Number of protein chains: 2
Amino acid sequence: MPDPVVVVIEDEPQIRKFLRATLEGQGYRLFEATTGADGVVEVSSRQPDVVIIDLGLPDMDGLDVIRRVREWTAVPVIVLSARGQERDKVTALDAGADDYMSKPFGAGELLARIRVALRHTAGASHEGDDAVFRVGELRVHLVRRQVFVGDKEMHLTPIEYKLLTTLVRHAGKVVTHQQLLREVWGPAHTEQAHYARVYMAHLRHKLEAEPARPRYLLTESGVGYRLAAE
Amino acid sequence: MPDPVVVVIEDEPQIRKFLRATLEGQGYRLFEATTGADGVVEVSSRQPDVVIIDLGLPDMDGLDVIRRVREWTAVPVIVLSARGQERDKVTALDAGADDYMSKPFGAGELLARIRVALRHTAGASHEGDDAVFRVGELRVHLVRRQVFVGDKEMHLTPIEYKLLTTLVRHAGKVVTHQQLLREVWGPAHTEQAHYARVYMAHLRHKLEAEPARPRYLLTESGVGYRLAAE
DNA sequence: GGACGTCTTGACGGGTCCTTAACGTCCCGG
DNA sequence: CCGGGACGTTAAGGACCCGTCAAGACGTCC
């Protein structure tokens, strides 16, 4: 395997320097970002094997960076944080982080946890982190959160977008009403099948040429919905 | 997904009790071992989704337990330890552990790290499962919930599909009327044998070239039905 | 405070699917 | 040759699911 690529998202120069010294000595290729927005861009362009992120960033909440990254890739994310409270750890891990280290931490432990992360990705073959889903005229750019029909960009509301990406993640397979409601509206709303109907109608009006006879957003009566795949 | 299975390898009764209370409250199925040797046996027999192991065991070194387990499975292993030295963490992680928590630790953080471990296995397992049944021109994609005759996809209603998959699950073997009715319509409808007749007719019209002389959906007169296998 | 975009909620019409019943067919024994 | 049982076929009714529209609630930004 070639040298593993690491993206570091960290604003404090001292820690950046420390990480650079630690990682480059071990043969990792390192790319740095000092803001959350830059971090998201770096992750999408460098396709790293591991991401290391400090939660205390100047421009946006580190948790949001993790959630954004998680929308299109399963790359291991290791969190560094000055805060060591349990609730901080839990929210970060549930937001999609794979590991959490409180400052101060040792170089050896960091390197060991990076090796663990690399073991994970080595086993799981790189499957679907394409970051862009296509079928027919429809394109969904997970990184930029943009949706196109042909050349025309379509504006989707937050729920519409989440509904669509949920279907994208299971493209070709049927997603039951329960699954859909749980993943989009949360576990408390698995009964309101009505929500899904209303929003599928919205999506179809925005994405389908003939909303009444959909080509992409298909209904499986009595079961759920399916997004057509190639 | 059914309730995740956890194997706990821990000799101290207090911590075992604590873990049991914490995990069973969250719907995990729990199996315990109090020695390293037992632990290895439990892991191989229970096929757990996560292993939690205390390094301070009476009979053998916890690290050896991890190495033994790693010889045949990639199941996530979370280490609990009274020792918090960096070198201990590094050796445990390099021995094959996926995570390391120093005592004392909070229940919330443990649960969060278990969720992380479960995320990993959930993503990894979805690779090679074809889960497609074939016989002659007939193909049943169980994962996608799609049925093809030759190249043509056939739309099945929920009951039709359930009936078909029930037969697929016992392909080649006779399924009695009672079995069929119980598995498709529920235990309350085991008397209405004509349900099966009506829906077998539907299925044959959709899937058979000559519904009157079926090649796949065969009748075993007086007993039940049978799906032909290769 | 008002305008706007978004989400929730209800009502209604149309369509799909399930149930049920009636009838047809085949086979076998009387 | 007749009759009955098991199975296959078809169609009608109604229950349920789904798509649609619109009104109201909610939050946000000017």
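Chain identifiers are assigned alphabetically (A, B, ...) following the order of the sequence lines, protein sequences preceding nucleic acid strands; residue numbering begins at 1 within each chain. As the structure is a prediction and not an experimental result, all values here were calculated from the model.
- Between the CD atom of Gln192(A) and the P atom of dC7(C) there is a distance of 16 Å, rounded to whole Å.
- In this structure, Arg67(A) does not pair ionically with Glu71(A), as no charged nitrogen and carboxylate oxygen lie closer than 4.0 Å.
- With respect to Glu153(B), the side chain to side chain donor-acceptor pair (under 3.5 Å) criterion is satisfied by exactly one of Gln146(B), His141(B), Arg144(B): Gln146(B).
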Pairs under 3.5 angstrom only: tabulate donor-acceptor contacts from the side chains of residues 178-188 of chain A to other protein residues two or more places apart or in another chain.
unit_1, atom_1, unit_2, atom_2, d
Gln179(A), OE1, Thr176(A), N, 3.4
Glu183(A), OE1, Arg169(A), NH1, 2.9

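- For the pair Arg139(A) and Phe133(A), the cation-pi criterion (under 6.0 Å, within 45° of the ring axis) is not fulfilled.
- For NZ of Lys206(A), the number of neighbouring non-hydrogen atoms (other residues, nucleotides, ligands) closer than 6.0 Å is greater than 12.
- Between Tyr195(B) and dT20(C) there is a side-chain N or O to OP1 or OP2 distance below 4.0 Å.
- A distance-only check finds no donor-acceptor pair linking the side chain of Thr165(A) to the backbone of Val168(A) [under 3.5 Å].
- Counted within 6.0 Å of CZ on Arg115(B), heavy atoms from surrounding residues, nucleotides or ligands total more than 12; the atom is thus considered enclosed.
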Could you list, one pair per line, each protein nitrogen or oxygen that sits under 3.5 Å from a nitrogen or oxygen of nucleotides 23-28 of chain C, together with the distance?
none

* Take nucleotides 8-15 of chain D nucleotide by nucleotide from the 5' end and write B, S or -, depending on whether a protein heavy atom sits under 4.0 Å from the base, only from the sugar-phosphate, or from neither. => BBB-----
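- In the region residues 156-164 of chain A, proximity to DNA chain C at under 4.0 angstrom, judged on heavy atoms, holds for Thr157(A), Pro158(A), Ile159(A).
- Applying the side chain to side chain donor-acceptor pair (under 3.5 Å) test to residues at least two apart or on different chains, the pairs with a partner in residues 207-228 of chain B are Arg204(B)-Thr219(B), Glu210(B)-Arg213(B), Glu220(B)-Arg226(B).
- Taking a cutoff of 4.0 Å between a charged side-chain nitrogen and a carboxylate oxygen, Glu10(A) and Arg16(A) do not qualify as a salt bridge.
- Exactly one of Val51(A), Val69(A), Ile52(A) qualifies for a side-chain contact (heavy atoms from CB on, under 4.5 Å) with Ile9(A). That residue is Val51(A).
- Taking the charged nitrogens against the carboxylate oxygens, Lys103(A) and Glu12(A) do have a contact shorter than 4.0 Å, which makes a salt bridge.
- Judged by distance alone, the side chains of Asp98(A) and His120(A) never bring a donor and an acceptor atom under 3.5 Å apart.
- Counting to the nearest Å, the C1' atom of dC18(C) and the CG atom of Leu203(B) are 14 Å from each other.
- Atom NE2 in His155(B) sits about 16 Å away from atom P in dG15(C), given to the nearest Å.
- Not a single donor-acceptor pair under 3.5 Å links the side chain of Asp3(B) to the backbone N or O of Tyr28(B).
- The distance between atom OH of Tyr199(B) and atom P of dC7(D), rounded to the nearest whole Å, is 19 Å.
- Contacts between residues 170-189 of chain B and DNA chain C, defined by a heavy-atom separation below 4.0 Å, involve Trp185(B), listed by number.
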